[in-house]
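A short worksheet on the structure shown next.
Along the sequence shown, residues carry numbers from 1. As the structure is a prediction and not an experimental result, all values here were calculated from the model.
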Amino acid sequence: RDLRMSRGLGDVYKRQTQLQQLYIANTPLEAEDICTDWENPESKYALLYKDESASWSWKKFEDLKDVELYNCPKLTRMPDFLFELPNVELLNFACNKGIDGLNGAKDGTGAQFTADWKKLADSPVGAKLQILYFGYNNLKEFPPYSSLNKMRKLGLVDCMHNNLTGELSAFGKEIEITTLDLDYNHITKIPDNFCGFTDQVETLNFSHNEIAVSYTHLRAHETCADL
């Protein structure tokens, strides 16, 4: 039920439909190599499950709640299987610094990460996610409000040590984030409708940015805010 993998991954893992946690870390894997096909289609296992594998799908992993895919420097985008998971609640996608411009470009725009987050938010996965760890990446801007506002169950967002610049896109007041870590970026402004504030808010961390924020709104809540 708890599968940790750090080397070449074949299609056989799609049989583990009762999997609850999936950890892939510290590997030279590329997005195209992660749980997409058999490493060797002529291997004993590939031939054994040839007929059965036609019906394998990540959409059947209803028990998989926790996915951690971090510190994989050769990734240039999010792997396809992330967008198919039906009930994932926690996604740790930190320290994947190989993801930068679109289609593998190393142009400092971070556009691929933004595009992948937008795709994630717009997919059925986005409505289920509660926790996002996106720290230590090349993210320069959030997806638009129209996508972020679909992530209605989101409670924790960690985007520390990225390249976030300027004014952030809003999640919307319907999304009540309790823990937010955005330290060590280049943020200049937080929109008024950034997210919902309730008595459940624990931490808002905007330290080491370029932001000027009024504390009046934050003091209306018993909140630990670090700006």
Side-chain angles (χ1 to χ4, degrees), residues 69-71 73 75-78 90-102 105-122 125-126 129-227:
L69 179 57
Y70 57 90
N71 197 28
L75 289 180
T76 57
R77 61 175 176 82
M78 291 185 182
L90 183 155
L91 175 60
N92 181 355
F93 201 74
C95 301
N96 293 310
K97 300 284 283 186
I99 302 176
D100 189 1
L102 294 173
K106 305 299 182 185
D107 55 13
T109 65
Q112 187 66 56
F113 205 110
T114 302
D116 286 346
W117 187 355
K118 181 182 186 301
K119 182 178 177 181
L120 198 69
D122 290 339
V125 179
L129 279 167
Q130 300 178 27
I131 298 172
L132 286 180
Y133 291 107
F134 283 170
Y136 298 90
N137 282 299
N138 294 315
L139 182 64
K140 195 168 185 177
E141 62 178 338
F142 279 7
Y145 164 83
S146 58
S147 297
L148 292 177
N149 191 247
K150 297 174 183 177
M151 307 185 79
R152 295 296 178 93
K153 293 187 176 181
L154 204 57
L156 183 152
V157 179
D158 180 344
C159 291
M160 65 173 64
H161 287 272
N162 273 275
N163 297 320
L164 291 167
T165 303
E167 181 176 358
L168 295 179
S169 299
F171 289 93
K173 294 183 178 180
E174 302 87 352
I175 299 177
E176 298 175 349
I177 295 176
T178 60
T179 299
L180 180 69
D181 283 311
L182 295 176
D183 50 319
Y184 291 96
N185 282 285
H186 307 284
I187 301 165
T188 59
K189 186 176 180 181
I190 303 294
D192 291 339
N193 65 334
F194 182 69
C195 66
F197 292 95
T198 72
D199 292 339
Q200 303 302 314
V201 174
E202 297 176 0
T203 302
L204 302 175
N205 188 350
F206 300 100
S207 62
H208 301 282
N209 276 283
E210 302 164 19
I211 188 169
V213 178
S214 170
Y215 287 81
T216 303
H217 186 70
L218 295 178
R219 284 173 179 165
H221 308 277
E222 294 182 357
T223 300
C224 172
D226 185 357
L227 295 95

Nearest heavy-atom pair of Thr179 and Glu202: which atoms, and what distance? OG1-OE1, 3.7 Å
Are side-chain heavy atoms of Ile190 and Ile211 found at a separation under 4.5 Å? yes
Between Glu174 and Asn149, a side-chain donor and acceptor under 3.5 Å: yes
Quick check: closest heavy atoms across Leu129 and Met151, and the distance to 0.1 Å? CD1-CE, 3.9 Å
Of all the heavy-atom pairs spanning Lys173 and Asp192, show the shortest one and how long it is. CE-O, 3.8 Å
When every non-hydrogen atom of Leu102 is compared with those of Ala115, the smallest separation belongs to CD2-CB, 4.2 Å
Kindly indicate whether the side chain of Asn162, heavy atoms from C-beta on, has any atom under 4.5 Å from the side chain of Leu182. no
Rounded to the nearest 0.5 Å, how far apart are CD of Glu141 and CG of Leu164? 9.0 Å
Closest non-hydrogen contact found for Pro191 with Ala170 is CG-CB, 3.8 Å
Quick one: does Asn92's side chain have a donor or acceptor within less than 3.5 Å of a partner on Ala94's backbone? yes
Side-chain heavy atoms of Leu156 within contact of Leu132, under 4.5 Å: no
Please check if atom NZ in Lys189 has more than 12 non-hydrogen atoms from other residues, nucleotides or ligands closer than 6.0 Å. no
What closest approach, in Å, do Ile99 and Phe113 show between heavy atoms, and which atom pair accounts for it? CG2-N, 3.8 Å
Would you please classify the geometry between the Trp117 ring and the Phe134 ring as parallel, tilted or perpendicular, with 30° and 60° separating the classes? perpendicular
Indicate whether any N or O donor in one side chain lies under 3.5 Å from an N or O acceptor in the other, for His161 and Tyr184. no
Between CZ of Arg77 and CG of Asp116, what distance do you get to the nearest 0.5 Å? 7.5 Å
Inspect the surroundings of CD in Glu210 and state if more than 12 heavy atoms from other residues, nucleotides or ligands are less than 6.0 Å away. yes
Give a yes or no answer on whether the side chain of Thr165 reaches the backbone of Asn163 with a donor-acceptor pair at less than 3.5 Å. yes
Less than 4.5 Å apart, any side-chain heavy atom of Leu139 and any of Cys159? yes
When you compare the side chain of Leu180 with that of Phe206, does any pair of heavy atoms fall below 4.5 Å? yes
Are the aromatic ring centres of Tyr70 and Phe93 under 6.0 angstrom apart? no
Mind running side-chain contact (heavy atoms from CB on, under 4.5 Å) on Val201 and Thr178 for me, showing each step along the way? CA-CA 4 Å; Val201 174; Thr178 60; 5.5 Å; no
Within a strict 4.5 Å, meaning less than it, do heavy atoms of the Ile177 and Val157 side chains meet? yes
For the CD1 atom of Ile187 and the CG atom of Asn185, what is their distance to the nearest 0.5 Å? 4.5 Å
When you compare the side chain of Gln112 with that of Asp100, does any pair of heavy atoms fall below 4.5 Å? no
Determine whether the aromatic ring centres of Phe171 and Phe142 lie less than 6.0 Å apart. yes
Any chance the side chains of Asn205 and Thr203 put a donor and an acceptor closer than 3.5 Å? no
Under a 4.5 Å cut-off applied to non-hydrogen side-chain atoms, are Arg152 and Ile175 in contact? yes
Quick one: pull up CG in Asp183 and CE in Met160 and give me the separation to the nearest 0.5 Å. 4.5 Å
When rounded to the nearest 0.5 angstrom, what is the spacing between CG in Leu91 and CG in Leu69? 8.0 Å
